[in-house]
2 protein chains.
Amino acid sequence: MATIAVENYLKHALLLAERSPDGLVPMGELATAMEVVPGTATTMVKALADSGLVLHEPRRGLRLTAAGRRVALNVLRKHRLVETFLVNVLEMDWAQVHAEAEQLEHAISDAVLDRLDALLGHPATDPHGDPIPSVEGTLNSAVYATLATCATEISLRVVRVTDQSADFLTFAEAHGLRPGAVAHVVDRNLPAGLVTLRRPRGKPFALSLAAAGRIWVAPNEAG
Amino acid sequence: MATIAVENYLKHALLLAERSPDGLVPMGELATAMEVVPGTATTMVKALADSGLVLHEPRRGLRLTAAGRRVALNVLRKHRLVETFLVNVLEMDWAQVHAEAEQLEHAISDAVLDRLDALLGHPATDPHGDPIPSVEGTLNSAVYATLATCATEISLRVVRVTDQSADFLTFAEAHGLRPGAVAHVVDRNLPAGLVTLRRPRGKPFALSLAAAGRIWVAPNEAG
DNA sequence: GGATAGATTTTGACAATTCAAAATAAAGCC
DNA sequence: GGCTTTATTTTGAATTGTCAAAATCTATCC
């Protein structure tokens, strides 16, 4: 069985690999994500390579093997189903549930996971809009535009909020920017780094381009 | 924050202390409960004593301090509320939930615990009839008779089953011996070490005195 | 009142995970 | 092509929790 540390390294390796075109994850990125010094990541990656969970390409980075990816997807599935449970069933604040799920993802058995999945009705995404890996190990990563890049003056539907910090999520919540919410970009001022947004029957408000880049949207079909 | 190992030592120390008249827990008992060699228990108890969680009386045993007892009760509360959740909400088999809760009890925050408690309606006991410590740290340990010691030929209500092994619980379940079940002792044959039981509209069946001693009962008020 | 059995403690070692800091390799720059 | 910057790896050490086995108590038993 993978230890908690191993599960965490693999999970972060997966998340970083998903954002990398060739699947190669630089050591430094993994170390940053894990909040350890680079040497620690090197040590652990070599151990993971010995266990056949990753390939270590010295001085270049690491790649998940099929076995490593399987473990990582299972942990990610637990994380996101737990978040969904905490929000949908226990009615907890979506800004807090990430931290809770970080612990629970390592304590939940596959048996509990299955029951949780059934209780929640086999959801496809978690409360932040992040896709929940299937039992079979499929990760549906549809690509959307963000509020920093999408067209202006058309009705949009928020599909995903990719920032787990409680502060950001509380801000988003306060402006109704949860997945499913409808809004449109009133104006985008690149020099000022500002995006102005408006929700139906709401006042316009601004957020930084950096923040806008973490809110993913699709054209609002109904709107 | 207490580590998982520390939480486990304190939890087992509490359970053993509850069954000891003077609250003194011999080292060997703790080591057996924790499934470690005696020397390991000694090492850990000294560390716990340094943290002010237990008192170590060399060669005699240990006692929980108020701080240690507080931590232990919190872990036990998590364990038993999680078991209740797994059975009542996720509809899992009561024979499995102990093992699951052993992991989850260390991963659940107090915030999640509170929500879980509310969802379950603030239960007083878990699915095995074990009392759930209150938030304030009260452990209601009412003393009952067991099927090995109770009066015969009177209607009884099962209140508690104090064996966490899946085999025993599956056996108990198969005969309907869950808390709340009604039964009476038909016969007790001490030389043979057998207790014969009968449930309403059921066939009589036998179990060993040792097994009977793990099923706690109260007189059945309703008849 | 010592020998002995049983429990407990001590000692030395090991695996996992981490850090700090020195060493090394790679990449880009004039 | 040599120099500098940056990323990565190596080395040595600390921490936590564990075991095996030797040493040490304690209580008890003739």
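All values below were derived from every heavy atom in this structure, side-chain atoms included, with hydrogens, water molecules and symmetry-related copies excluded. Letters A, B, ... are given to chains in the order of the sequence lines, protein chains preceding strands, and every chain is numbered from 1.
Counting to the nearest Å, the P atom of D:dT18 and the CG atom of B:L48 are 11 Å from each other. If you measure from atom CE of A:M27 to atom C1' of C:dA25, you get 14 Å, rounded to the nearest angstrom. Here the P atom of nucleotide C:dT18 and the CD1 atom of A:I4 are 11 Å apart, to the nearest Å. Here D:dT8 presents its C1' atom at 13 Å from CG of A:L24, a figure rounded to the nearest Å. Rounded to an integer number of Å, the gap from CG of A:L30 to P of C:dT17 is 14 Å. One can place CE of B:M34 at 11 Å from C1' of D:dT18, the figure rounded to the nearest angstrom. Rounding to whole angstrom units, CE of residue A:M44 and P of C:dA15 are separated by 15 Å. The distance from atom NZ of A:K46 to atom C1' of D:dT8 is 10 Å, rounded to the nearest whole Å.
Looking at B:N8 and B:H106, their side chains do bring a donor and an acceptor atom within 3.5 Å of each other. For the residue pair A:D22 and A:S20, a side-chain donor N or O sits within less than 3.5 Å of a side-chain acceptor on the partner. Judged purely by distance below 3.5 Å, without hydrogens or angles, the side chains of A:H128 and A:E83 pair a donor atom with an acceptor atom.
Residue-environment remark: CZ (B:R115) exceeds the threshold of 12 foreign heavy atoms within 6.0 Å.
When side chains are defined from C-beta on, A:L76 counts as touching A:L139, because their heavy atoms get closer than 4.5 Å.
Place A:T43 and B:H56 on DNA chain C by their nearest nucleotides, and B:H56 ends up nearer the 5' end.
Contact annotation for B:T3: backbone-only contact, meaning every heavy-atom pair under 4.0 Å involves sugar-phosphate atoms and none involves a base. Residue contacts shown for A:G28 are limited to sugar-phosphate atoms, with no base heavy atom under 4.0 Å away.
Distances shown here put every side-chain N or O of A:T42 at or beyond 4.0 Å from the OP1 or OP2 atom of D:dT8. The phosphate of D:dT16 (OP1 or OP2) has no side-chain N or O of B:Y9 nearer than 4.0 angstrom.
Contact annotation: side chain of A:R59 to base of D:dT9, donor-acceptor pair absent below 3.5 Å.
Which of C:dT9, D:dG17, C:dT8 sits closest to the side chain of B:P58 comes down to C:dT9.
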